[in-house]
Amino acid sequence: MGANGAGKSTLLKLLAGDIKATTGIISYGDKKLTDFSVKSLATKRAVLSQHYHLAFPISVEEIVMMGRYPYFATQPSQKDIAICKSAMQLMEVNEFVEHDYNTLSGGEAQKVQMSGVLAQIWDEEKAEERVLFLDEPVSHLDVKYQYQLLRVAKDLCQQNVTVIAILHDNNLALSFADRIMFIKKAEVAYNLQEPSTISSDIVSDVFGVASKIIYDEHAKPLVIF
């Protein structure tokens, strides 16, 4: 989390391997990020970006199947097809399967893209450690689907997946995050191992706006502006 321009998306792109670091080393386990082939890296991590527009006609089914490209050479297997169907069911986009992707609303497109990244890191055995990067994943979604997407992401954390998400809503982050890192001017300003330790001073320092922290009946903090 952090203000616009703080460096959140740049950090995510560095960790995902989409841009190269000018200094330091990024590793997945005991292997440097730079030592992975493009195909191998694509089976280890998936990225949901902020950009959903495509300049050419393509069906929703094809968009989701793109998530399985690292796993087959020419034709998808029955397993690939089944995984894509399961991912679409999870995100409730089955009704759009034959639609032209470019006719969808922003929120619908976002859910389809999420289906694609789920298909990309799907592991029925849950044996391989994987990483899911979400860059402002709920920006086009209404409240219901914001919670749906983040619940799906949260459930993945129980399946050997690390989820790293950029969010702008403090209270959404407090509802789902196990840890919150606040970025300010391209540096880590606060690293909350316990999100419940958030304070109005932190919010003020990071976002430059006054706030108040209140607690519900479950002692869960809520940020009020």
Side-chain angles (χ1 to χ4, degrees), residues 1-6 8-9 11-13 15-16 18 45-55 58-67 83-122 130-159 161-183 195 198 203 207 209 216 220-225:
M1 301 195 73
N4 292 335
K8 304 182 299 298
S9 291
L11 175 59
L12 187 145
K13 289 175 182 176
L15 296 175
D18 291 336
R45 67 94 179 97
V47 183
L48 181 67
S49 72
Q50 301 179 40
H51 308 292
Y52 307 107
H53 178 71
L54 294 175
I58 185 171
S59 73
V60 165
E61 185 176 32
E62 290 172 312
I63 286 285
V64 179
M65 183 57 70
M66 288 171 66
I83 286 173
C84 288
K85 286 182 178 178
S86 295
M88 287 189 285
Q89 287 175 351
L90 203 56
M91 292 308 302
E92 299 180 12
V93 296
N94 306 70
E95 62 184 289
F96 308 127
V97 64
E98 295 181 359
H99 290 202
D100 182 338
Y101 172 80
N102 290 307
T103 65
L104 303 181
S105 69
E108 291 166 346
Q110 204 159 9
K111 292 196 293 177
V112 169
Q113 290 286 352
M114 182 66 174
S115 300
V117 298
L118 288 175
Q120 183 179 340
I121 61 167
W122 200 280
R130 291 144 292 144
V131 184
L132 176 59
F133 295 100
L134 305 175
D135 192 355
E136 299 185 28
V138 297
S139 56
H140 296 289
L141 300 178
D142 61 34
V143 173
K144 174 184 175 181
Y145 289 115
Q146 287 180 13
Y147 277 81
Q148 179 205 28
L149 187 148
L150 291 176
R151 283 194 192 101
V152 168
K154 183 74 171 181
D155 288 344
L156 289 173
C157 296
Q158 309 303 318
Q159 302 175 28
V161 177
T162 297
V163 179
I164 300 176
I166 295 174
L167 296 172
H168 280 293
D169 186 321
N170 287 272
N171 292 318
L172 268 181
L174 288 168
S175 294
F176 291 96
D178 296 310
R179 171 179 169 185
I180 300 178
M181 183 179 292
F182 289 98
I183 308 294
I198 192 170
V203 175
F207 298 104
V209 61
D216 65 13
K220 171 190 166 185
L222 297 171
V223 181
I224 306 298
F225 296 102

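Keep in mind that the numbers below use all heavy atoms, side chains included, and drop hydrogens, waters and symmetry copies.
- Residues satisfying the side-chain contact (heavy atoms from CB on, under 4.5 Å) test with Met66, not counting sequence neighbours, are Ile58, Ile63, Tyr69.
- A donor-acceptor contact closer than 3.5 angstrom is absent between the side chains of Lys13 and Ser49.
- Scanning for side-chain hydrogen bond (donor to acceptor under 3.5 Å, both in side chains) contacts around Tyr101 gives Gln113, with sequence neighbours left out.
- For CD of Glu61, the number of neighbouring non-hydrogen atoms (other residues, nucleotides, ligands) closer than 6.0 Å is 12 at most.
- Applying the side-chain contact (heavy atoms from CB on, under 4.5 Å) test to Ala173 and every residue at least two apart in sequence or in another chain returns Met1, Leu167, Ile180.
- Taking CE of Met65 as the start and CD1 of Ile83 as the end, the distance is 9.0 Å to the nearest 0.5 Å.
- Remark: Leu11 engages Leu15, Ile183 in a side-chain contact (heavy atoms from CB on, under 4.5 Å) (not counting sequence neighbours).
- The shortest side-chain heavy-atom distance between Asn102 and Leu54 falls under the 4.5 Å cut-off.
- The structure places CD1 of Ile166 at 4.0 Å from CG of Asp135, a figure rounded to the nearest 0.5 Å.
- For His99, the ring-ring contact (aromatic ring centres under 6.0 Å, His included) partners are Phe96, not counting sequence neighbours.
- The ring-ring contact (aromatic ring centres under 6.0 Å, His included) search around Phe176 returns Tyr147, not counting sequence neighbours.
- Checked by atom type and distance alone, the side chain of Lys8 never pairs as donor or acceptor with a backbone atom of Phe182 at under 3.5 Å.
- When the side-chain contact (heavy atoms from CB on, under 4.5 Å) test is applied to Gln89, the partners found at least two apart in sequence or on another chain are Asn94.
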Please lay out, stage by stage, how Ile198 and Val203 fare under the test side chain to side chain contact (heavy atoms under 4.5 Å, CB included).
-> CA-CA 8 Å; Ile198 192 170; Val203 175; 4.0 Å; yes
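- Here Lys85 pairs with nothing under the side-chain hydrogen bond (donor to acceptor under 3.5 Å, both in side chains) rule; sequence neighbours left out.
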Derivation and outcome, side chain to side chain contact (heavy atoms under 4.5 Å, CB included), residues Ile121 and Arg45 | CA-CA 7 Å; Ile121 61 167; Arg45 67 94 179 97; 5.8 Å; no
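- Thr103 is linked by a side-chain hydrogen bond (donor to acceptor under 3.5 Å, both in side chains) to nothing, counting only residues two or more places apart in sequence or in another chain.
- Screening residues 88-109 for salt bridge (charged side-chain N to carboxylate O under 4.0 Å, His left out), with sequence neighbours left out, gives no hits.
- Between His168 atom NE2 and Asn4 atom CG the span is 5.0 Å, to the nearest 0.5 Å.
- Between atom CD of residue Gln110 and atom CG of residue Leu141 there is a gap of 4.0 Å, rounded to the nearest 0.5 Å.
- Identified under the salt bridge (charged side-chain N to carboxylate O under 4.0 Å, His left out) test for residues 141-157, with sequence neighbours left out: Lys154-Asp178.
- Annotation: side-chain hydrogen bond (donor to acceptor under 3.5 Å, both in side chains) contacts of Thr162 (sequence neighbours excluded): none.
- Taking CG from Asp169 and CG from Leu150, the interatomic distance works out to 9.5 Å, rounded to the nearest 0.5 Å.
- In this structure, the separation between CZ on Phe133 and OG on Ser9 is 12.5 Å, given to the nearest 0.5 Å.
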Side chain to side chain contact (heavy atoms under 4.5 Å, CB included) between Met114 and Leu90, worked out | CA-CA 10 Å; Met114 182 66 174; Leu90 203 56; over 6 Å; no
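- Side-chain N or O atoms of Arg130 include none that pairs as donor or acceptor with a backbone N or O of Trp122 at under 3.5 Å.
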Evaluate the side chain to side chain contact (heavy atoms under 4.5 Å, CB included) criterion for residues Val47 and Val117: first the C-alpha distance (whole Å), next the side-chain angles of each, then the deciding distance (0.1 Å), finally the verdict.
-> CA-CA 7 Å; Val47 183; Val117 298; 5.8 Å; no
